[in-house]
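First up is the structure itself, then whatever we jot down about it.
Lettering of chains follows the sequences in order, A, B, ..., and the numbering in each one begins at 1.
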Amino acid sequence: MSEADIGALWVTLRLALITTIILLLLGTPLAWWLSRTQCRIKVLIEALVAIPLVLPPTVLGFYLLIMLAPDGPIGGLWQSLGGDTLAFSFSGLVIGSVLYSLPFVVQPLQNAFNNIGNHYLEAASTLRASPLNRFFTLVVPLAKPGFITATTLGFAHTVGEFGVVLMIGGNIPGETQVLSIAIYDHVESLEYANAHILSAGLLAFSLVVLVSVYSLNRQSLPNGSGR
Amino acid sequence: MSQEIHFQFKIERDDFSLNATATIPGQGVTALFGHSGSGKTTLLRALAGLEPQVEGKLTVGGQQWLNSAQGIHLPTHQRAIGYVFQETALFPHLRVEKNLLYGWQRTAEAERRHNPPQVIETLGLEPLLKRYPHQLSGGEKQRVAIGRALLNSPQLLLMDEPMAALDRQRKREIMPYLERLHAEAEIPILYVTHDLEELVRIADHLLLIEQGRIIKSGPIEQLLADSTLPIAQDEDAGALIKTRLTAQDEHYQLSELSFSGGTITVGQIDQPIGSEIRIRIHAKDVSLALQPQQESSVLNVVKCRVTGITPQGQSRVIVSMDAEGSPLLSRITRKSADKLALSEGCEVYAQIKSVALHS
């Protein structure tokens with residue numbers, strides 16, 4: 001692998017890791033709220049979360065580009081607070097990836113939370129557990145398969161991102177060039193051997209991730225965590 | 001310190017309203033008895049703080065848990081209660097041991113009243129400790145749920161039809177534990193049931209609930225013998241009498257039980273003289289006569305005074321009677337009642353054909 005490829009690998013891993021951490025921190029309370037609320041705007045929020053599933057990544061990228069540009073609403077605000085430019089930067093990529101991978105984290109979590117019967121939470125509250133304590137001693141362990149799925153899908157999906165990155169990140173080696181873009185570059189310049197190395201690597205990676213998720217989810221809680 | 005519980009609840013929903021006021025004695029088992037849909041579970045949930053829309057008042061042992069006028073609504077996790085749910089709600093990811101200790105670990109040391117080894121021993125849980133809930137039978141799950149609630153050091157133990165989901169065999173298996181709990185627990189227990197048999201075996205007091213209202217409350221002997229209450233219309237209606245074992249007849253293999261209204265002879269009971277025996281006399285097993293019968297195979301005849309006559313359907317009446325302070329019920333045909341010219345205050349001889357025993 002060339003030095004540029006190793007750089008792309010490093011950017012990709014960093015991006016996926018940071019994105020996954022942010023997604024778990026944001027997605028857990030959001031998914032919990034969605035699983036328990038009877039509020040009318042729930043449907044709207046669910047639709048917004050799911051939009052990246054159906055929207056062409058270039059559309060999402062296009063709007064993000066406008067928002068993140070120095071004269072755009074988010075980019076402008078960020079710069080007036082003393083930040084660097086967001087478009088064509090690593091921070092901009094993180095924002096784009098968080099939005100793009102949001103459904104892959106929120107939906108498995110929400111499904112897992114939906115399956116936790118209220119009677120467990122009520123029983124715990126009669127046993128002196130505060131709401132936060134109930135969340136960490138019941139909800140988190142009972143939703144473990146959901147967390148495993150959400151984490152791996154969020155990570156893997158960010159690794160495989162292309163369209164959004166191309167629109168808002170560009171192709172700056174060592175800064176915003178990720179693996180999928182590097183492969184595209186190699187193919188454009190007819191360097192098939194290099195493209196093969198990266199592509200086969202990503203293929204193997206995806207397979208390993210999915211096999212481990214499925215086997216982990218089979219092991220945890222033989223009786224299932226549902227009602 | 002009085003552990004008495006006063007509540008006055010109001011819940012309005014589209015399809016149901018609860019408007020219940022009563023006092024639960026600070027000791028013993030109070031059964032909450034009513035048909036399904038009468039609001040038993042809702043009342044229990046309101047006591048536990050699980051019904052957010054409830055209005056009114058709740059005082060437990062002098063502490064205010066709810067006073068909606070003053071804006072007091074103690075959240076469930078701050079109430080010292082034990083709640084045994086119908087569906088047990090054992091935490092599936094925790095072994096029995098961890099389930100049992102869940103509340104105990106969250107109770108301040110000074111407030112802890114039971115110690116785990118003793119509860120494990122009482123409920124026979126030792127062999128189950130390392131198992132997961134899905135590896136337990138229905139009866140075992142209920143025992144663990146009861147233990148978990150007790151180890152939470154409750155000031156009030158709420159039990160929502162703990163036997164409802166169990167078959168006859170499992171019920172028989174768990175009943176001794178409940179009776180032991182009844183004898184040993186020093187805290188008030190509110191026990192929801194719609195099973196008359198269960199009720200007479202463990203309850204001391206009774207709250208009758210109908211359409212979200214408490215229609216009557218009092219000592220169980222008194223309420224079971226009130227012919228005007230719906231409970232007297234039950235096929236298995238009958239009086240409950242506390243007696244003492246006073247003599248053993250080795251020749252005929254019989255035992256003599258004494259109570260305020262006289263003595264009753266039953267098949268031999270293998271218990272020491274002086275033991276307290278609860279007996280149940282079903283209304284259908286009591287026939288009435290105006291004179292003591294000289295020649296009859298019925299051994300047990302008790303002189304009573306009629307205190308009430310309530311029609312049951314078209315052809316039968318329920319007669320409630322008093323035998324020197326002990327209540328009795330008899331179900332006879334309306335024709336017989338007319339023939340004997342029964343009326344309130346008249347004296348009759350109750351012939352008891354059969355007696356059900358509850359130790």
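Annotation for A:Y184: atom OH does not count as buried by contact number, only 12 or fewer foreign heavy atoms lying within 6.0 Å. Remark: B:Q53 CD is packed, more than 12 non-hydrogen atoms of other residues, nucleotides or ligands lying under 6.0 Å away. Enclosure of atom CH2 in A:W33 by more than 12 non-hydrogen atoms of other residues, nucleotides or ligands within 6.0 angstrom is indicated. Atom OH of A:Y63 has 12 or fewer heavy atoms from other residues, nucleotides or ligands within 6.0 Å. The environment of B:D15 atom CG is dense: over 12 non-hydrogen atoms of other residues, nucleotides or ligands sit within 6.0 angstrom. More than 12 heavy atoms of other residues, nucleotides or ligands lie within 6.0 Å of CZ in A:F162, so this atom counts as buried by the packing criterion. Around CZ of A:F205, the count of heavy atoms belonging to other residues, nucleotides or ligands within 6.0 Å exceeds 12. For B:H194, the NE2 atom counts as loosely surrounded, since its 6.0 Å shell holds 12 or fewer non-hydrogen atoms of other residues, nucleotides or ligands.
In this structure, chain A has a heavy atom under 4.5 Å from the side chain of B:E87, while its backbone stays farther away. Only the backbone of B:L90 comes within less than 4.5 Å of a heavy atom in chain A; its side chain stays farther off. Contact annotation for B:T107: both backbone and side-chain heavy atoms come within less than 4.5 Å of a heavy atom of chain A. Interface remark: B:R45 contributes side-chain atoms only to the contact with chain A (heavy atom separation under 4.5 Å). Heavy-atom distances place no part of B:A145 under 4.5 Å from chain A, backbone and side chain included.
Note that the CG atom of B:L101 and the CG atom of A:L127 stand 11.0 Å from one another [nearest 0.5 Å]. Between the NE2 atom in B:H77 and the OG atom in A:S130 there is a gap of 5.5 Å [rounded to 0.5 Å]. Annotation: the span from B:Q78 atom CD to A:S125 atom OG amounts to 11.0 Å, rounded to 0.5 Å.
In this structure, the side chain of B:H93 engages the main chain of A:T137 through a donor-acceptor pair within 3.5 Å.
Within the 4.5 Å cutoff, side-chain heavy atoms of A:T126 are placed close to those of B:F85. Between A:Y120 and B:P92, the closest side-chain pair of non-hydrogen atoms falls below 4.5 Å. B:R106 has its side chain within reach of A:N133: a pair of non-hydrogen atoms, C-beta onward, lies under 4.5 Å apart. With a 4.5 Å cut-off on side-chain heavy atoms, B:E111 and A:R128 count as touching.
Ranking B:W104, B:Y102, B:Y83 against chain A, the residue ahead of the rest is B:Y102, based on heavy-atom pairs under 4.5 Å.
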